[in-house]
Enquirer: 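Sharing a structure with you now.
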Amino acid sequence: MPYQPPADVAEALRVQDELRSRVDLVGPGPTAPATVAGLDVAYAESGDRLAAAVTVLDAATLAVVDEAVSVGRPAFDYVPGLFAFRELPALLAALERLTIRPDLLVCDGHGLAHPRRFGLACHLGLVTGLPAIGVGKTPLVGVWDEPAPERGASTPLRTAARWWAGCCGPGTG
DNA sequence: GCGACAG
DNA sequence: ATCTTGTCGC
């Protein structure tokens, strides 16, 4: 069965609400991954075509051990919170062209830091069965204290309860 | 009620 | 996302 994108926003929201509960938040996660895949998408100037690229690195040496590209069309209009539906098909097509199965996915866009706790990284991880981390360049939800300037420093992303209302229950800190 | 809103 | 312009820092 070929992938069918949601017909509209309402259906996309239903899909997220249905898949959200299937995200594994308690498994071991990316324990000592030997290979890490980075994923991103670039658009044509006209915006009606896109190319998804996946590069797999040896986690220890950072040597490129595999790579793949797929070209296609955005599968959904850009809607904040529904961004995954736009790029997911092309990203999955590129992943299918890999000759190896990476141990970890790192994608351009959020994962759990999402209004319904189901951003692109969650969607990718669920569909592929691989551990996935989302790396958003700009915030979508949450507030935070600026991390220390040292490389590797971090602070928690705190999310106002209102974002999770009716979605994921209490205690989302 | 209005604005903000990953890429 | 992509384009454009201008500014700043190395």
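We name chains A, B, ... by the order of the sequence lines, and we start the count at 1 in each one.
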Enquirer: B:dG7 P sits how many Å from A:Phe83 CZ, rounded?
Expert: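 These atoms are roughly 7 Å apart.
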
Enquirer: Can you check the A:Trp144 CH2 to B:dA6 C1' distance for me, whole Å?
Expert: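 Taking CH2 of A:Trp144 and C1' of B:dA6, I get 12 Å after rounding.
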
Enquirer: Give a yes/no verdict on base stacking between B:dG7 and A:Tyr78: centres under 5.5 Å, planes within less than 30° of parallel.
Expert: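 Stacked: centres under 5.5 Å apart, planes under 30°.
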
Enquirer: Can you give me every donor-acceptor pair (side chain of residues 119-142 of chain A, partner residue at least two apart or in another chain, under 3.5 Å) with its distance?
Expert:
{"residue": "A:Thr128", "atom": "OG1", "partner": "A:Leu124", "partner atom": "O", "Å": "2.7"}
{"residue": "A:Thr128", "atom": "OG1", "partner": "A:Leu130", "partner atom": "N", "Å": "3.2"}
{"residue": "A:Lys137", "atom": "NZ", "partner": "A:Asp108", "partner atom": "OD1", "Å": "2.8"}
{"residue": "A:Lys137", "atom": "NZ", "partner": "A:Asp108", "partner atom": "OD2", "Å": "2.7"}

Enquirer: Under 3.5 Å between N/O atoms: give me all the protein pairs with nucleotides 4-7 of chain C, atom names plus distance.
Expert:
none

Enquirer: Hey, does A:Gly134 reach any base, or is it just sugar-phosphate, or nothing, if we go heavy atoms under 4.0 Å?
Expert: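 The residue A:Gly134 makes no contact with any strand.
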
Enquirer: Phosphate oxygens OP1/OP2 of B:dG7: is one of them under 4.0 Å from a side-chain N or O of A:Lys137?
Expert: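 It does, given that an N or O in the side chain of A:Lys137 lies less than 4.0 Å from OP1 or OP2 of B:dG7.
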
Enquirer: Any heavy-atom pair between the side chains of A:Val15 and A:Glu18 that's under 4.5 Å?
Expert: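 A:Glu18 does not reach A:Val15 side chain to side chain.
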
Enquirer: Return the value, rounded to whole Å, for the distance between atom CG of A:Leu50 and atom P of C:dA1.
Expert: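 Atom-to-atom, A:Leu50 to C:dA1, this comes out as 12 Å.
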
Enquirer: If you look at every strand shown and take non-hydrogen atoms under 4.0 Å, does A:Leu120 touch a base, only sugar-phosphate, or nothing?
Expert: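 Base, at least one base heavy atom under 4.0 Å.
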
Enquirer: Quickly work out the A:Tyr43 OH to B:dA6 C1' distance and round it to whole Å.
Expert: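 Going from A:Tyr43 (OH) to B:dA6 (C1'), I get 11 Å.
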
Enquirer: For A:Pro30 versus A:Pro33, what's the shortest heavy-atom pair and its separation?
Expert: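 Scanning both residues, the minimum pair turns out to be O-CD, 3.2 Å.
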
Enquirer: Within the structure provided, determine whether A:Leu13 and A:Arg116 are in side-chain contact (heavy-atom separation under 4.5 Å).
Expert: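 Side-chain contact under 4.5 Å: yes.
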
Enquirer: What nucleic acid atoms does A:Pro74 come within less than 4.0 Å of, heavy atoms only: base, sugar-phosphate, or nothing?
Expert: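 Nothing, no heavy atom under 4.0 Å.
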
Enquirer: What is the distance, rounded to the nearest whole Å, between atom CZ of A:Phe76 and atom P of B:dA6?
Expert: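 Going from CZ in A:Phe76 over to P in B:dA6 covers 15 Å.
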
Enquirer: What's the CG-P distance between A:Leu88 and B:dG7, to the nearest Å?
Expert: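 My rounded result for the distance is 16 Å.
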
Enquirer: Just how far, in rounded Å, is P of B:dA6 from CG of A:Leu112?
Expert: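 Rounded to whole Å, this separation is 17 Å.
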
Enquirer: So, does A:Ser46 get its side chain near the phosphate of C:dT2, meaning an N or O under 4.0 Å from OP1 or OP2?
Expert: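 No, no such contact exists.
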
Enquirer: Quick one: which of A:Leu98, A:Asp66, A:Val65 gives a side chain to side chain contact (heavy atoms under 4.5 Å, CB included) with A:Thr35?
Expert: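 Single side chain to side chain contact (heavy atoms under 4.5 Å, CB included) partner of A:Thr35 among A:Leu98, A:Asp66, A:Val65: A:Val65.
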
Enquirer: When clusters are formed by joining ILVMFWY residues with side-chain heavy atoms under 4.5 Å apart, either directly or through shared neighbours, do A:Leu105 and A:Phe118 land in the same one?
Expert: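 No; tracing contacts between hydrophobic side chains, which count when under 4.5 Å, never links both residues.
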
Enquirer: Looking at the side chain of A:His110, which of B:dA6, B:dG7, C:dT2 is the nearest nucleotide?
Expert: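 Within the option list, the nearest is B:dA6.
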
Enquirer: Mind checking if A:Gly47 touches a base, just sugar-phosphate, or nothing, with heavy atoms under 4.0 Å?
Expert: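 Answer is nothing: A:Gly47 stays at 4.0 Å or more from every strand.
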
Enquirer: Under 4.5 Å between side-chain heavy atoms, counting indirect links through other Ile/Leu/Val/Met/Phe/Trp/Tyr residues: same cluster for A:Val41 and A:Val36 or not?
Expert: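 No; tracing contacts between hydrophobic side chains, which count when under 4.5 Å, never links both residues.
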
Enquirer: Taking the side chain from A:Thr55 and the backbone from A:Gly38, do they hold a donor-acceptor pair closer than 3.5 Å?
Expert: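 Answer holds: no.
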
Enquirer: Give A:Leu82 one of three labels, base, sugar-phosphate or nothing, depending on what nucleic acid heavy atoms sit under 4.0 Å from its own.
Expert: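 Here A:Leu82 touches the bases of the nucleic acid.
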
Enquirer: Could you tell me the separation between the CZ atom of A:Phe118 and the C1' atom of B:dA6, rounded to a whole number of Å?
Expert: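 From A:Phe118 CZ to B:dA6 C1': 15 Å.
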
Enquirer: Side chain of A:Thr155, backbone of A:Asp145: donor and acceptor closer than 3.5 Å?
Expert: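 Flag set: sc A:Thr155 to bb A:Asp145 pair under 3.5 Å.
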
Enquirer: With a 4.5 Å heavy-atom cut-off, do A:Tyr78 and A:Glu87 have their side chains touching?
Expert: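 No. Closest side-chain heavy atoms not under 4.5 Å.
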
Enquirer: Quick one: the dot-bracket string of DNA chain C, using Watson-Crick and G-U wobble pairs with both distances under 3.5 Å, [ ] for crossing pairs and | for bases paired to another strand.
Expert: ..........

Enquirer: Which nucleotide wins on minimum distance to the side chain of A:Asp108, given the candidates B:dC5, B:dG7, C:dC3?
Expert: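 Of the candidates, B:dG7 comes closest.
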
